[in-house]
Amino acid sequence: VRDAVGSIRIDIEAWLSMGVPNSPMDGACIRVVSGNFIVAKPMGVRDGVDFHLAGEVRRIDREGIRRQLDDGAIVLLPPIAYSPTGEAFSLGVEEVATQAAIALGAGKLILFGPSAGATTVDGQLQKIISLADMQSWLARTTDPALRAALTAGYRACLNGVPRSHLISHAEDGALL
């Protein structure tokens with residue numbers, strides 16, 4: 001997990017550092033910061049299963065992140081965080097995104113997944129799901145990645161984030 005997260009972090013920082021001449025990024029100076037903005041706690045043993053180095057978010061350093069954002073930096077929050085005793089724990093990316101959005105009072109949470117979102121029984125994309133309808137959508141969602149994204153968005157909205165969006169990472173330009 002450490003190797004994978006470290007490798008992806010390096011790739012993201014490299015992409016955001018590109019300043020290819022004769023492109024819109026020519027001369028751009030994008031700062032990316034990462035660090036111990038998340039404090040983790042171990043998942044421990046649940047129903048007889050020891051989760052070893054898997055963890056959960058204990059606390060988000062909201063002020064530390066805010067200072068970096070106010071200074072114009074992009075804050076990269078990897079799915080690895082540290083306990084107060086210095087242990088490194090692997091976290092779920094959806095939990096990191098949800099807890100950070102809640103702690104920062106985000107206006108929206110944008111989640112990327114393999115699908116564009118939940119579909120009706122006849123295959124139509126459901127573009128809006130109310131909080132009142134979300135439990136029934138979660139009950140009939142069988143795809144684990146879609147369920148994790150829907151759950152993350154639901155939890156964020158229940159905790160003060162006004163909106164949540166699910167966008168397919170498979171569709172080029174979907175965020176735009």
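Everything quoted here is computed from the prediction, not taken from an experiment. We're numbering straight along the sequence, starting at 1. Only this structure's heavy atoms are used, side chains among them; waters, hydrogens and symmetry mates stay out.
Under a hydrophobic-cluster definition in which Ile, Leu, Val, Met, Phe, Trp and Tyr are linked whenever side-chain heavy atoms come within less than 4.5 Å, directly or via other members, Trp15 and Leu76 are assigned to the same cluster. Put simply, Val1 and Met43 are part of two different groups of oily side chains (I, L, V, M, F, W, Y) that touch within less than 4.5 Å, one to the next. Leu53 and Val93 fall into different hydrophobic clusters, where Ile, Leu, Val, Met, Phe, Trp and Tyr side chains are chained together by heavy-atom contacts under 4.5 Å. Note: the hydrophobic cluster containing Ile74 also contains Ile12 (ILVMFWY, side chain heavy atoms under 4.5 Å, direct or indirect links). By the rule that hydrophobic residues join a cluster once side-chain heavy atoms approach within less than 4.5 Å of another member, Leu125 and Leu111 end up as members of separate clusters.
Arg147 places a side-chain N or O within donor-acceptor distance of the main-chain N or O of Leu138, the cut-off being under 3.5 Å. Looking at Ser7, its side chain never comes within 3.5 Å of a backbone N or O of Ala4 through a donor-acceptor pair. Arg59 contributes no side-chain N or O that, together with a main-chain N or O of Val39, makes up a donor-acceptor pair within less than 3.5 Å. Checking side-chain atoms of Arg31 against main-chain N and O of Asp71 turns up a donor-acceptor pair under 3.5 Å.
Taking all atoms of both residues into account, the shortest heavy-atom contact from Ile80 to Ala88 is CG2-CB, 4.2 Å. Considering every non-hydrogen atom in both Gln126 and Ile128, the closest pair reads NE2-O, 2.9 Å. Listed here is the closest heavy atom pair of Arg58 and Pro84: NE-CD, 4.2 Å. Contact record, Arg62 with Ala103: CD-O, 2.7 Å, taken as the closest heavy-atom pair. Taking every heavy atom of both residues into account, Ile167 and Ala174 meet most closely at CG2-CB, 3.4 Å. Taking every heavy atom of both residues into account, Ala156 and Leu109 meet most closely at CB-CD2, 3.8 Å.
For the atom pair Met134 CE and Ile129 CD1, the distance stands at 4.5 Å (nearest 0.5 Å). Distance check, rounded to the nearest 0.5 Å: NE2 of His169 to OG of Ser115 gives 8.5 Å. Rounding to the nearest 0.5 angstrom, the gap separating the CG atom in Leu158 from the OG1 atom in Thr98 is 10.5 Å. The CD atom of Glu56 sits 5.5 Å away from the CD atom of Glu95 when rounded to the nearest 0.5 Å.
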Evaluate side chain to side chain contact (heavy atoms under 4.5 Å, CB included) for Tyr154 paired with Gln135, printing each intermediate quantity in order.
CA-CA 9 Å; Tyr154 180 55; Gln135 288 294 340; 3.2 Å; yes

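Scanning for side-chain hydrogen bond (donor to acceptor under 3.5 Å, both in side chains) contacts around Asp122 gives Thr120, with sequence neighbours left out.
In this structure the side chain of Leu175 reaches within 4.5 angstrom of the side chain of Phe112, judged on heavy atoms. Within the 4.5 Å cutoff, the side chain of Pro42 has heavy atoms near those of the Phe89 side chain. Side-chain contact between Arg163 and Cys157 is absent, with no heavy-atom pair separated by less than 4.5 Å.
Heavy atoms from other residues, nucleotides or ligands lying under 6.0 Å from CG of Asp172 number 12 at most. Atom CG of Asp3 sits in a sparse spot, with 12 or fewer heavy atoms from other residues, nucleotides or ligands closer than 6.0 Å. In Asn159, the CG atom is crowded: over 12 heavy atoms of neighbouring residues, nucleotides or ligands sit closer than 6.0 Å.
Under the 4.5 angstrom side-chain criterion for Ile, Leu, Val, Met, Phe, Trp and Tyr, the cluster partners of Leu69 are Val33, Phe37, Ile38, Val57, Ile60, Ile65, Val75, Leu77, Leu91, Val96, Leu104.
With respect to the salt-bridge test (charged N to carboxylate O, under 4.0 angstrom), the residues Glu13 and Arg9 qualify.
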